[in-house]
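Here is the naming used below: chain letters follow the sequence lines, and residue numbers restart at 1 for every chain. We use all heavy atoms of the structure for the numbers below, so side chains are in, but hydrogens, waters and symmetry mates are not.
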Amino acid sequence: MEWANQLCENRQFGSKMTDSKYFTTTKKGEIFELKAELNSDKKEKKKEAVKKVIASMTVGKDVSALFPDVVNCMQTDNLELKKLVYLYLMNYAKSQPDMAIMAVNTFVKDCEDANPLIRALAVRTMGCIRVDKITEYLCEPLRKCLKDEDPYVRKTAAVCVAKLHDINAQLVEDQGFLDTLKDLISDSNPMVVANAVAALSEIAESHPNSNLLDLNPQSINKLLTALNECTEWGQIFILDCLANYTPRDDRESQSICERVTPRLSHANSAVVLSAVKVLMKFMEMLPKDLDYYGTLLKKLAPPLVTLLSAEPELQYVALRNINLIVQKRPEILKHEMKVFFVKYNDPIYVKLEKLDIMIRLASQANIAQVLAELKEYATEVDVDFVRKAVRAIGRCAIKVEQSAERCVSTLLDLIQTKVNYVVQEAIVVIKDIFRKYPNKYESVIATLCENLDSLDEPEARAAMIWIVGEYAERIDNADELLESFLEGFHDESTQVQLQLLTAIVKLFLKKPTETQELVQQVLSLATQDSDNPDLRDRGYIYWRLLSTDPVAAKEVVLAEKPLISEETDLIEPTLLEELICHIGTLASVYHKPPSAFVEGSRGVMHKRLPARTGSGESTESPDVGTAAGGSAPEAAPSIIPSQGDLLGDLLNLDMAPPTTTGPPPPNTGMQMGGMDLLGGGLDSLMGDESEPLGGDIGGSPAMGAGFGAAPAVMPASLNAPVGGGLGDLFDLGGGVGMPMGAYIPPKTVWLPAMKAKGLEISGTFARRAGVIQMELILTNKAMSVMTDFAIQFNRNSFGLAPAGPLQVLTPLGPNQTIEVSLPLSTVGPVMKMDPLNNLQVAVKNNIDVFYFSCQYPISMLFVEDGKMERQVFLATWKDIPNDNESQFQIKDCHLNSDAASSKLQGSNIFTIAKRTVEGQDMLYMSIKLSNGIWVLAELRVQAGNPNYTISLKCRAPEVSQCVFQCYEAVLKN
Amino acid sequence: MIGGLFIYNHKGEVLISRVYRDDIGRNAVDAFRVNVIHARQQVRSPVTNIARTSFFHVKRSNIWLAAVTKQNVNAAMVFEFLYKMCDVMAAYFGKVSEENIKNNFVLIYELLDEILDFGYPQNSETGALKTFITQQGIKGQFQTKEEQSQITSQVTGQIGWRREGIKYRRNELFLDVLESVNLLMSPQGQVLSAHVSGRVVMKSYLSGMPECKFGMNDKIVIDKAGKGGVTDEVGKSDLGGGGSTSGKQSIAIDDCTFNQCVRLSKFDSERSISFIPPDGEYELMRYRTTKDIILPFRVIPLVREVGRTKLEVKVVIKSNFKPSLLAQKIEVRIPTPLNTSGVQVICMKGKAKYKASENAIVWKIKRMAGMKESQISAEIELLPTNDKKKWARPPISMNFEVPFAPSGLKVRYLKVFESKLNYSDHDVVKWVRYIGRSGIYETRC
């Protein structure tokens, strides 16, 4: 009765303002009641009931039990009711596939309806029902609809092909729908063209190598024509598709650009950004001296600026893209600094992005304005924003030398405000300014020291400690300051501990007489009481360095530091190129390649910018949708540890901000090679007190004694391994005085999250200090926490096995990432694999066990004592039968023989002799594998010829191929 | 493409949930609620990635609209679509509010089915949509075949924004030039940045399929035509913006964007604005200028800190336009520190009040003629605090409305051609109006 009353009311007030009642929670027996209503004879009542069902569905209630009753309402003349039933079907058909068949007849019938709106509705809905049996029935109606006389039906059918492809790709191919879809690109109706382009682009993404879109000058012309006529959305589809094309020459490129530029005036920001993408990409091909090139550059700025008057969310997207554009082509917006000034009421995400772009655009011409703004921002409320503004001031100082002085005084003003996080941030950036302009602004140190006590963040503490250590000679009470930090040494973060260790060593080298005790204290804290291997290692290195040769120690520790570079936070060039090809999309918002956040095959192919070509010579074939396919998987950006890391550590460059390390530091210090002394282990130190510590550093015998005594406390068990480790470290650097580390391939994804219930594993192998390590990154992409990790290897060619358990101590939460390095031994069970360097791995966690296989570079098995005696080499070379010799070519390698040799040595490939015959350098090298196999090599390098020839001889010739791959990898990286 | 679209109320309850792609599960609805709506921290980005799923959201009053995807979609398009969705809903049932959404949820589902297919946005012009999504489901049956094909050809056609066969007894055009002038000024009166973002909004009530041509005093066009070329101005005296004191002939437009009805290629080649207008109200173009802007008001602040517990503030505003014109709805907002305990205000004109809840003194003046000056002074008493951080001194902001275009833009002509029907340009009644409003008009103090 109540329900009837309500209905009456409805009639009175019309159907408006009443639907909300469906959202009210109903009592028990609801389903039963609905069932009755759905089967009612009255049309109105039926419709009301279906509405209630949909409302329940929306809020997440399970109303699948009503499936047959709802489907029964499908046969109706009432379009509104029909749409509601369809909506229900789309939601539940998958869970009730058998009953969904009941709907097929109606669909097929509707596809023949006289009303085009109904035909389209049927084909649109049918494509959304992911039930195999229904899809079978869909084919015939779809075929008809693709050729329907009405454009509305055709445009709907075009999208339906993409839907069907998503359900059953094979079926679409077998039925020949792809060809029909291609034909639609020539349709007379622009919207049909646009939808066909969208559908084809999507399908093409999952077949990277198919020539599906078949973009050629004729089809491009059709697209450009449709571009002028279709809806704003259609224009976006077409522009995004155009961006995948690579024109044959600069003339074609220019003519496309000319036809795309009018889109820059479109009211829809997405149209504008997609047009910018096409232009940015095709511009690559235009010669820079062309007039049109300049015109185009000028045309790009105003629309980009206009995007900043859009709604904040779009501004955010635009700013993220402008950030890329400014990095790629700074000239476009160099005069537009003012538009990036932050408005007081901008949302925080817009503010932070604007700030980033301001720094990128800062130059001598506008620095005064920029600084004034930044100073203003530094007094705002949002902590993140203020921090970033302070940091920006520091970056301006580093970028624009003329402004440095003003920046420093601004920073000092800010320090005076005593606002805790402002002070800390300022100190961090002042440290960088010191690095950039040595001996210029040290007068401010006194002011900085006043704030020592208020620093509670590791980065700021570390920066301050660095400053104190670096300028110890100018700070009267440097020892007291550092000592005060030492009290809570074990509570500090690693960053601070490392810094403190180095700073005190520096202090000692500068003022040896007063600080002996301090340095002993810190060395023992670092080496004996710490669990952190990095800290211990560094402690031992300093210890030995100081005890063996203080002069050398001074040269090493107090060596001149390389200047830090001006441009910071730049996106790595290959990634930047790829992101430019993705302007407007999510990738450009995240500043990550699509493969980083898209699952499966879609969007994983890398796009790249076209190369500049002269007109007439058409080098690129037109199969360009796939231009992407070309780039090698290595293109995936990952951080390759920069060479000289090890030295960097010693010299304490590691805590420099995200700046790129410059050229390796002058390392004369390393050549004094404490090698022999070190080789003897710590014993020699203990025994010999007076000798190692020469007097010229002003050291007294007491100093020597101090050092001599300290190691005695060390547990004996530590001696051997540590000694060895250090020896290795020095071997690397000391041998030829060359700062190369072993080659470490970039990390690749070994186990995609899709295959492992959300666990993604990527990794690489490295040989560090003689220890083989598997370096893993575990990422939890599932929604639940992962625990109990363990790892196991299958038997493999070189007996690799984990030397310890996988150390994942804390549970891995959703979206968390952890880096683990697993030391490996080579004493496991052996079985020959194909390929030789294949490794099958099983990883277990609380959810399941997952298997994957990966290939390791054989270079990590090259041991450190692989340098053969000359005589032995000659004899062995002759001894190995010629059948075992294999020859390879290394192409496009532009190193000279010395550089190559030193590079290879980093990976334990040792050059034994070098001969020069007729301008051709012959390098003879030896390698020893962990299982004792020797590989001998002859590398021929001809000056001016980028192709090397390499001959490998080995008693086990099957390793040659792998060894050759290593050569290639090492030389080219 | 867009994988799904959800609408939530402020509590995070789902009002509408439509999934377009198989890769989006029901848990996505909850993930957004938990991680964004119920997040403890303020939202730091309009795009959020949760477990490899990207969420785009916009807020309209208390309503959250979220689009979800697992692919590398065109992000700008998704936001444009979300705004468009709000526009469409507003055009159908007014304000986008929880009540209206609940009352019209069936309609919204119907719209979502039509304007988004498999996550690809389709024709979303309200004019076209309203011809066949009517909420009177039965209508479909009574349409004739001609009507049906007219609908489909409009929805998919080149001129998707206008239907054939529109008739008016009186052909009329209303043209509004609406500008918002933005300013950021230093305490010393130096213009840090200033720009005008303007819109030309039209209401057209024209019969048939008229072809229109719009002209303004765009520097590029004027320079090209030469001074003698400008003959066809429509009533220069009554249309021209009266505010421009400089009497300049033309203005430099930094950039402009157009409604999709405007032929962009023609603008690109000839810089002429020609189009077939939608029926009723629409935004013809947007533009931006930065040069020679008439700043209608100048704000001169003076803040003095008297000891730790008192502030003296004096603000002078000067109007800078023809004395014969009147500015309206003037409001000056002077921020006060959080620890304000009391305020005494004296102003020459209008009313001023200290609003504690907004931490500001709000000074309102109903009307003010050009070339005038007015002043307010206030004494702010502060509670002593031990907060070391100084007051951030937010800028003084201003609101106003003036009857001229601060950019100096003038409409030169708007011609209407309809070849098939027998009315000519002269028969159309045209109205032009200029309104300049404050955008973000701030002076630092």
Side-chain angles (χ1 to χ4, degrees), chain A residues 17 19-20 23 51 58-59 77-80 83 87 115-116 150-152 155 159 163 189 191 198 228-229 231-233 236 262 265-270 273 302-303 306 309 313-314 316-317 338 341 343-344 349 379-381 418-419 584-587 589 594 597-599 602-603 781 783 814, chain B residues 14 16-17 22 44-47 49 51-52 54 58 70-77 79-80 83 102-106 109-110 113 117-118 120-121 123 132 137-138 140-141 148 152 155-156 158 160 184 193 197 254-260 264-265 267-268 288 388-389 392 394-395 440 442:
Chain A
M17 308 302 284
D19 283 356
S20 60
F23 281 89
K51 280 188 185 179
T58 299
V59 295
D77 301 333
N78 186 319
L79 203 56
E80 190 190 356
K83 284 181 179 172
L87 189 63
N115 186 340
D150 193 292
Y152 183 79
K155 72 112 187 162
V159 176
K163 291 179 188 168
N189 183 295
M191 193 155 176
N228 286 325
E229 294 163 353
T231 66
E232 45 195 329
W233 314 116
I236 299 168
S265 303
H266 202 284
N268 186 314
S269 309
L273 269 177
T306 298
S309 14
E313 291 86 1
L314 269 175
Y316 174 72
V317 174
K338 277 188 178 180
F341 284 178
K343 293 184 186 130
Y344 191 74
Y349 50 81
T379 61
E380 281 214 34
V381 190
K418 303 278 177 196
V419 178
T585 67
L586 260 182
V589 174
F597 58 93
V598 175
E599 280 173 9
R602 262 187 201 135
K781 295 202 161 144
M783 304 238 186
Chain B
V14 205
I16 296 287
S17 133
D22 201 40
R44 304 297 272 194
S45 157
V47 185
N49 193 307
R52 290 216 151 197
S54 298
V58 300
K70 284 210 164 187
Q71 300 173 26
N72 182 30
V73 296
N74 189 319
M77 184 189 79
F79 280 123
E80 283 283 3
Y83 302 142
K102 280 185 171 175
N103 282 333
N104 293 283
F105 83 97
V106 174
Y109 276 123
E110 202 175 330
D113 195 44
D117 189 6
F118 202 39
Y120 289 104
N123 193 336
F132 69 106
I138 342 98
Q141 282 73 51
Q148 287 166 5
T152 58
V155 174
T156 61
Q158 288 186 27
L184 183 63
S193 73
S197 55
D254 287 26
D255 187 36
C256 43
T257 60
F258 296 100
N259 184 286
Q260 60 168 321
L264 293 179
S265 38
F267 179 75
D268 195 55
R288 188 166 50 78
K388 268 189 197 162
K389 201 183 169 202
I440 294 163
E442 293 177 340

K.L.:
Under 4.5 Å, counting heavy-atom pairs only, tell me which of Ser193(B), Ser197(B), Ser17(B), Pro394(B) racks up the most with chain A.
P.N.:
Pro394(B)
K.L.:
Do you know which two heavy atoms are closest between Phe105(B) and Lys51(A), and how far apart they sit?
P.N.:
CZ-O, 3.4 Å
K.L.:
Can you tell which part of Asp117(B) gets under 4.5 Å to a heavy atom of chain A, answering side chain, backbone, both or neither?
P.N.:
both
K.L.:
Where does Lys83(A) contact chain B at under 4.5 Å (heavy atoms): side chain, backbone, both or neither?
P.N.:
side chain
K.L.:
Does any backbone or side-chain atom of Asn268(A) lie under 4.5 Å from a heavy atom of chain B? Answer side chain, backbone, both or neither.
P.N.:
both
K.L.:
Which answer fits Leu314(A), side chain, backbone, both or neither, if we ask what part of it has an atom under 4.5 Å from a heavy atom of chain B?
P.N.:
both
K.L.:
To the nearest 0.5 Å, tell me how far His266(A) NE2 sits from Asn259(B) CG.
P.N.:
8.0 Å
K.L.:
Which pair of heavy atoms, one from Glu80(A) and one from Val106(B), lies closest together, and at what distance?
P.N.:
OE2-CG1, 3.4 Å
K.L.:
Could you report the tightest heavy-atom contact between Tyr120(B) and Ala198(A), atom names first, then the distance?
P.N.:
OH-O, 3.4 Å
K.L.:
Just give me the residue among Ser309(A), Ala270(A), Ser265(A), Ser269(A) that pairs up with chain B most often, heavy atom to heavy atom, under 4.5 Å.
P.N.:
Ser265(A)
K.L.:
Mind listing the closest non-hydrogen atom pair of Asn74(B) and Gly584(A) along with its distance?
P.N.:
OD1-O, 3.2 Å
K.L.:
What verdict does the side-chain hydrogen bond (donor to acceptor under 3.5 Å, both in side chains) test give for Asn72(B) and Thr585(A), after you've listed the backbone C-alpha separation in whole Å, the side-chain angles of each residue and the deciding distance to 0.1 Å?
P.N.:
CA-CA 6 Å; Asn72(B) 182 30; Thr585(A) 67; 3.2 Å; yes
K.L.:
Looking at Asn228(A) and Ser265(B), what are the two nearest heavy atoms and their distance?
P.N.:
OD1-OG, 4.3 Å
K.L.:
Checking Phe258(B) against chain A: side chain, backbone, both or neither under 4.5 Å from a heavy atom?
P.N.:
both
K.L.:
At what distance, to the nearest 0.5 angstrom, does CG of Leu273(A) lie from CE of Met77(B)?
P.N.:
12.5 Å
K.L.:
Applying side chain to side chain contact (heavy atoms under 4.5 Å, CB included), run through Leu87(A) and Asp113(B) and close with a yes or a no.
P.N.:
CA-CA 9 Å; Leu87(A) 189 63; Asp113(B) 195 44; 5.9 Å; no
K.L.:
If I compare all heavy atoms of Val59(A) with all of Val14(B), which pair ends up nearest, and what's the gap?
P.N.:
CG1-O, 3.8 Å
K.L.:
Heavy-atom distance under 4.5 Å to chain B: side chain of Tyr316(A), backbone, both or neither?
P.N.:
side chain
K.L.:
Pick one of side chain, backbone, both or neither for Arg288(B), based on which atoms fall under 4.5 Å of a heavy atom in chain A.
P.N.:
side chain
K.L.:
Who among Ala587(A), Ala267(A), Pro262(A), Pro151(A) has the most heavy-atom pairs with chain B under 4.5 Å?
P.N.:
Pro262(A)
K.L.:
Which answer fits Glu80(B), side chain, backbone, both or neither, if we ask what part of it has an atom under 4.5 Å from a heavy atom of chain A?
P.N.:
both
K.L.:
Which answer fits Lys163(A), side chain, backbone, both or neither, if we ask what part of it has an atom under 4.5 Å from a heavy atom of chain B?
P.N.:
both
K.L.:
By a 4.5 Å heavy-atom criterion (distance strictly below it), what part of Phe341(A) contacts chain B: side chain, backbone, both, or neither?
P.N.:
side chain
